[in-house]
Number of protein chains: 2
Amino acid sequence: MAQSETVDRILDAAEELFAERGFSETSLRMITSKAKVNLAAVNYHFGSKNALIQAVFARFLTPFSSTLDRAFDDLEARCGDTPPTLNQTLWVLTESAIRMPQRSERGLSIFMRLLGLAYTQSQGHLRKFLEQQYSNPFGRFMRLLKEATPQLSAVDRYWRIQFMLGATAFTMSSSDALRDILHNKLGVETTVQEIAARLVPFLAAGMQASDPLMVVPSLGKTASG
Amino acid sequence: MAQSETVDRILDAAEELFAERGFSETSLRMITSKAKVNLAAVNYHFGSKNALIQAVFARFLTPFSSTLDRAFDDLEARCGDTPPTLNQTLWVLTESAIRMPQRSERGLSIFMRLLGLAYTQSQGHLRKFLEQQYSNPFGRFMRLLKEATPQLSAVDRYWRIQFMLGATAFTMSSSDALRDILHNKLGVETTVQEIAARLVPFLAAGMQASDPLMVVPSLGKTASG
DNA sequence: CATTGTTGCAAACGATTGTTTGAAACATAC
DNA sequence: GTATGTTTCAAACAATCGTTTGCAACAATG
């Protein structure tokens, strides 16, 4: 692929529209008219709409996964024999995402929303594509999480990782809307970087909570304060 | 509306298909063929596809919101002057959801997934409908959360509530798949109730984390352990 | 009996979807 | 110049979408 002007314009338009409206709610005609290219250009350059969706993800994830891999290398080298802490592991992931060179200032939040949509919208082809392409850095992240929380049983850790994933994917996928609401309610401006910086302590604290299961608060004796 | 057999069959089929595939990915023809009713029945009984989507939510949320309201009444009566704790507030919400009479054993997880989809899929009409219909119990829950976390600033509390929402909606919406994965990996069976009992301590700990923003772990000095 | 209002049904409606086609436009090489 | 391979373009393709229509089936009421 010669990386023509047309290809980039399609990718840019598709990325933005997918993030705004979801995948199946975005038609090729919307994309091509926003990109100011002919309708047939998508099928010519990418082959199908599904392949275009995958290409949008690959354009961000491929450079990101090698950046992340190097960041994990650095982290483990710095720590020597002792495994990295939970906070360090989470922050390396977050920082790697934040530091990625963006096409626009909303670049990261756009892509975070796409990642969130990839989880919630049941695009089977996309799930398989992401699993096949990026299983390595994902598996490494999971290994680091395990070493950073040796006090948790495998079952406890499993569920809490899901809770973390959920909080992250959900928040990031709606980050634009949530920022707008906060701006209207309290007049506060927020960056994606700040959201991430708030998310990490929340996740780390939840991950290290002392009670794995809820102690049901009864009438007389209240649980915790 | 006479609550005919047909209406219920349509609602059952729609609820399940929407949860499986999302709203716009589910056609009326799928719904009516699964419900074994005529295609025109949806527009006859509900008026439009959007009205059907709203009806699916109303069928669960209307009884749930009054149940929740009574549960909050009980909680505040038990606590007297002192505001309920965070754990208590979270658990009352969780328990009210769990105790709701379900149409099937997967009823709650189906509906949790629908709630998650309502947030992520940009269905403007649904957002407005939910806000108009159920602003009261939602606002009351927010008030209780505020009184239970007086140490948090409004901005901190806002974001952490979003994190809680995300972890909950995401986990519950995928609870079936997540339970299957856990069963295959570790051979452990899990109930929705147990997931909820694990979720509450995680959320409470995250909500009460000491650092609102991340303290970047530097090379020499690592943040927390 | 006839009348009326409700529900069920097959068929069609116009609109929109992703994809394909065949020719025009273009650049590059001989 | 001709020939070749790539890219663009308008137009059409078949399929599917939500919705509407006209009529049959049915129960209830007079």
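A quick note: this is a predicted structure, and the numbers were derived from the prediction, not measured. Sequence lines set the chain letters: A, B, ... in the order given, protein chains first and strands last, and positions in each chain run from 1.
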- Grab the CZ-C1' distance between B:F46 and C:dG8 for me, whole Å please. 15 Å
- Item | Considering all heavy atoms, the nearest B:Q102-B:L108 contact | OE1-N, 3.3 Å
- What integer distance in Å separates B:N50:CG from D:dC17:C1'? 13 Å
- Query: For A:N38 and D:dT7, is the shortest distance between a side-chain N/O and OP1 or OP2 below 4.0 Å?
  - Reply: no
- Query: Between atom OH in B:Y44 and atom P in D:dC23, what is the gap in whole Å?
  - Reply: 17 Å
- Tell me: CE of A:M30 to P of C:dT16, nearest whole Å? 10 Å
- Note on the structure: So OG1 of A:T89 and CG of A:L144: to nearest 0.5 Å the spacing works out to 5.0 Å
- Task: Without swapping roles, check the side chain of B:Y158 against the backbone of A:I181 for a donor-acceptor pair under 3.5 Å.
- Result: no
- Item | Nucleotide of D:dT19, D:dA12, C:dT7 approaching A:R29 most closely (side-chain heavy atoms) | D:dA12
- Query: Any sub-3.5 Å donor-acceptor pair from B:R160's side-chain atoms to A:F202's backbone N or O?
  - Reply: no
- Message: Between P on C:dG14 and CG on B:N43, what's the gap in Å once rounded to a whole number?
- Response: 17 Å
- Using a heavy-atom cut-off of under 4.0 Å over every strand shown, decide if B:S24 touches base, sugar-phosphate, or nothing. nothing
- Whole Å only: how far is the CG atom of B:L28 from the P atom of D:dT19? 6 Å
- Contact class for A:T32 (heavy atom, under 4.0 Å): base, sugar-phosphate, or nothing? nothing
- Query: Tell me: CD of A:E5 to C1' of C:dC26, nearest whole Å?
  - Reply: 16 Å
- Task: May I ask you to evaluate whether A:H45 reaches the phosphate of D:dT6, defined as a side-chain N or O under 4.0 Å from OP1 or OP2?
- Result: no
- Item | Which nucleotide in C:dG8, D:dT19, C:dG18 has an atom nearest any side-chain atom of B:T6 | C:dG8
- Separation of A:L145 CG from A:L203 CG (nearest 0.5 Å): 10.0 Å
- Note on the structure: Whole-Å distance, A:I53 CD1 to C:dG18 P, equals 9 Å
- Message: Does C:dT17 have OP1 or OP2 under 4.0 Å away from a side-chain N or O of A:S27?
- Response: yes
